[in-house]
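See structure below.
The analysis underlying the following values was restricted to heavy atoms, covering all of them including side chains, and did not include hydrogens, waters or symmetry mates. None of the values given here were measured: they were computed from a predicted structure.
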Amino acid sequence: MTNCGAASTSSAPPQQNGLRPPSVQPHRNPFAPPPPLPSPDDYDDAINCSPCCDDPNVSRTFKALILGQILSLCLCGTGVSSQLLVNENVNAPAAQAFSNYFLLCFVYCISLACKTDDNSLVVVLRKRGWRYLILAIIDVEANYMIVKAYQYTNLTSVQLLDCATIPTVLFLSWLFLSVRYLASHILGVTICLVGIACVIWADALGDKGAEGGSNKVLGDVLCLAAAVMYAICNVAEEFLVKQHSRTEYLGMLGLFGCIVSGVQTAVFEQEALSKIVWDGTTVSYFALFAFSMFIFYSLVTVVLQKTSALMFNLSTLTADFYSLLFGIFMFKDTFHYLYFVSFIICIIGSVIYSMRETQMRDADEPRRVCPCLFVCCCCCGCCFEEGDSTEGSIDVSPSPNERMQMGLNPRSSISPCPVHGNQLSHL
């Protein structure tokens, strides 16, 4: 027995330098960190999709396109419901707008009233109420003018002049929000405008919207004024939702918009409302318009908070295509292949615009327009000579003496141009 035990003991592998036999497990420390997970690079046959999935530009572009198409469908819903109301001999644009503002006020003002901090309803009314009142007046009158424009001019003129919103938003964002647009942004805007030109051309070829118009000059003026007012509202909305909150903006717009549109309805549309037959069909069309506009206004704030006012206007250019699809099945409209071409072109332009994020101008950076025709709007100065030459440019920034009085170093700011990449000190 002793020899067997000795033999078995002698046959066991020696434990040297802390090594254990394969059958013996080491002691596991409960406080030891877990072993690292294998990375995708450890597998030769693995497919790494992170460059596309994790790219913020791709993610932002995809979300902007999806939200833009939802907004276009909402606009299509408002257009279809308005056409159905016209077929029922209902002509009350202020009353239609009142239904939308009432929903906004009912939902978002209640949310503001439930807050007790500095963002409560009473505090917001006291501090910033006058801003939202002015914005609500502009928004209500812009909606009213665009509806009235259809009574004096034709559809083609309205579509053409309504595109003035896009360059106006671009200019106002550059002027007031200090946005610097790159060459890709200008290219995307241009491509989207080409897409709208295809829609107008299709209407002209099919003689759609060419007839009508009792006073085309007045109608064109109303449409152009509405486009400028829409641009002002979009830029102001982008500023407010990024500075404060979506709930505050929508609640205040709903409250003051409800007051303004209610007064306008009582003054101008009493006779029109008295002639309406309030049956189930008419009420359902009003409800469709109100809910479509409510969803549209609610989602617009999301788009403006994530992207910009210009991206919002570019994304909703495809609403004409969806309106045509509904018009084919509901109103027996004719289809032209240029509508589909316009849809594809607008999508391509929106993708090109959103692939690169817009940049913000520094507080002490000069607001100067390059002579290279907006290749880099609000450029940092690389297109100009070192020797104080600004020929062909428009400089609306403070002079060096004014900058010194403001406490700024006139030559301390150095930043690269977003297009050319050169670094020059600002004059």
Side-chain angles (χ1 to χ4, degrees), residues 69-108 136 139-155 158-159 162 199 203 208-209 211-212 219 222-223 226 230 250 253-255 257-300 316 318-335 339:
Q69 301 317 300
I70 296 176
L71 291 176
S72 295
L73 288 173
C74 292
L75 280 180
C76 177
T78 61
V80 170
S81 58
S82 297
Q83 185 62 47
L84 292 173
L85 287 172
V86 170
N87 295 342
E88 296 292 329
N89 297 322
V90 176
N91 184 17
Q96 292 178 231
F98 176 81
S99 61
N100 166 51
Y101 293 119
F102 176 79
L103 285 178
L104 291 175
C105 179
F106 180 77
V107 174
Y108 293 102
D139 189 71
V140 171
E141 297 308 319
N143 291 327
Y144 189 81
M145 284 183 180
I146 199 67
V147 174
K148 279 294 183 181
Y150 283 98
Q151 301 179 8
Y152 297 105
T153 187
N154 52 54
L155 177 63
V158 172
Q159 287 178 329
D162 194 42
V199 173
D203 291 340
K208 178 183 176 182
E211 69 281 353
L222 288 175
C223 185
Y230 276 133
L250 292 172
L253 182 67
L255 175 62
C258 203
I259 296 174
V260 175
S261 60
V263 172
Q264 194 165 343
T265 302
V267 173
F268 297 106
E269 297 184 355
Q270 287 186 4
E271 183 179 357
L273 291 176
S274 63
K275 296 180 180 179
I276 298 177
V277 180
W278 294 99
D279 53 3
T281 303
T282 304
V283 172
S284 62
Y285 292 160
F286 262 98
L288 175 61
F289 179 87
F291 281 107
S292 297
M293 287 295 289
F294 175 78
I295 297 174
F296 177 78
Y297 271 74
S298 300
L299 291 181
V300 163
T316 54
T318 55
D320 291 333
F321 178 77
Y322 297 121
S323 299
L324 175 67
L325 295 181
F326 278 93
I328 292 174
F329 296 102
M330 299 181 62
F331 307 115
K332 307 302 179 182
D333 290 342
T334 57
F335 178 79
Y339 282 99

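Atoms SG and CG, on C105 and L250 in that order, are 11.5 Å from each other to the nearest 0.5 Å. With rounding to the nearest 0.5 angstrom, the CZ atom of F296 is 4.0 Å from the CG atom of L75. Interatomic distance, OG of S284 versus CG of L85, reported as 8.5 Å (0.5 Å rounding). How far CG of L299 is from OG1 of T316: 12.5 Å, rounded to the nearest 0.5 Å. Separating the CZ atom in F98 from the CD1 atom in I259 is a distance of 10.0 Å, to the nearest 0.5 Å. Rounding to the nearest 0.5 Å places OG of S292 at 10.0 Å from CG of L73.
Sorted by first then second residue, the salt bridge (Lys or Arg N to Asp or Glu O under 4.0 Å) pairs that include residues 288-299, not counting sequence neighbours, number zero. The salt bridge (Lys or Arg N to Asp or Glu O under 4.0 Å) pairs that include a residue from residues 93-107 number zero, where partners must be two or more places apart or lie in different chains. Annotation: ring pair (Phe, Tyr, Trp, His ring centres under 6.0 Å) contacts involving residues 265-285, sequence neighbours excluded, comprise W278-F286. For the salt bridge (Lys or Arg N to Asp or Glu O under 4.0 Å) condition, no pair includes a residue of residues 74-93, sequence neighbours left out. Every pair passing salt bridge (Lys or Arg N to Asp or Glu O under 4.0 Å) that includes a residue from residues 275-284 is listed here, sequence neighbours excluded: E271-K275.
Legend: residues meeting side chain to side chain contact (heavy atoms under 4.5 Å, CB included) with L103, ordered by chain and number and at least two apart, are A290, F291, F294. Residues satisfying the side-chain hydrogen bond (donor to acceptor under 3.5 Å, both in side chains) test with Q69, not counting sequence neighbours, are T318, Y322. Scored by the ring pair (Phe, Tyr, Trp, His ring centres under 6.0 Å) test, F321 finds F343 as partners (sequence neighbours excluded). Evaluation of the side-chain hydrogen bond (donor to acceptor under 3.5 Å, both in side chains) rule for S261 yields no partner, not counting sequence neighbours. Every residue was checked against the side-chain hydrogen bond (donor to acceptor under 3.5 Å, both in side chains) condition with T78, not counting sequence neighbours, and none meets it. For Y297, the side-chain hydrogen bond (donor to acceptor under 3.5 Å, both in side chains) partners at least two apart in sequence or on another chain are D139, N143. Applying the side chain to side chain contact (heavy atoms under 4.5 Å, CB included) rule to N91 yields the partners P93, Q151; only residues at least two apart in sequence or on another chain are considered.
Scanning both residues, C223 and I146, for their nearest heavy atoms gives SG-CD1, 3.9 Å. Among all heavy-atom pairs drawn from E269 and A94, the shortest one is OE2-N, 2.9 Å. The heavy-atom pair separating A95 from T265 by the smallest distance is N-OG1, 3.5 Å. Looking at every heavy atom in both residues, A136 comes nearest to G257 through CB-N, 3.7 Å. The heavy-atom pair separating I276 from V90 by the smallest distance is CD1-CG1, 3.7 Å. When all heavy atoms of F102 and C258 are compared, the pair lying nearest together is CA-SG, 3.9 Å.
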### Task
Could you go through the side-chain contact (heavy atoms from CB on, under 4.5 Å) check for Q264 and E141 one step at a time?
CA-CA 10 Å; Q264 194 165 343; E141 297 308 319; 2.8 Å; yes

### Task
Please test Y101 against V260 for side-chain contact (heavy atoms from CB on, under 4.5 Å), starting from the C-alpha separation and ending with a verdict.
CA-CA 10 Å; Y101 293 119; V260 175; over 6 Å; no

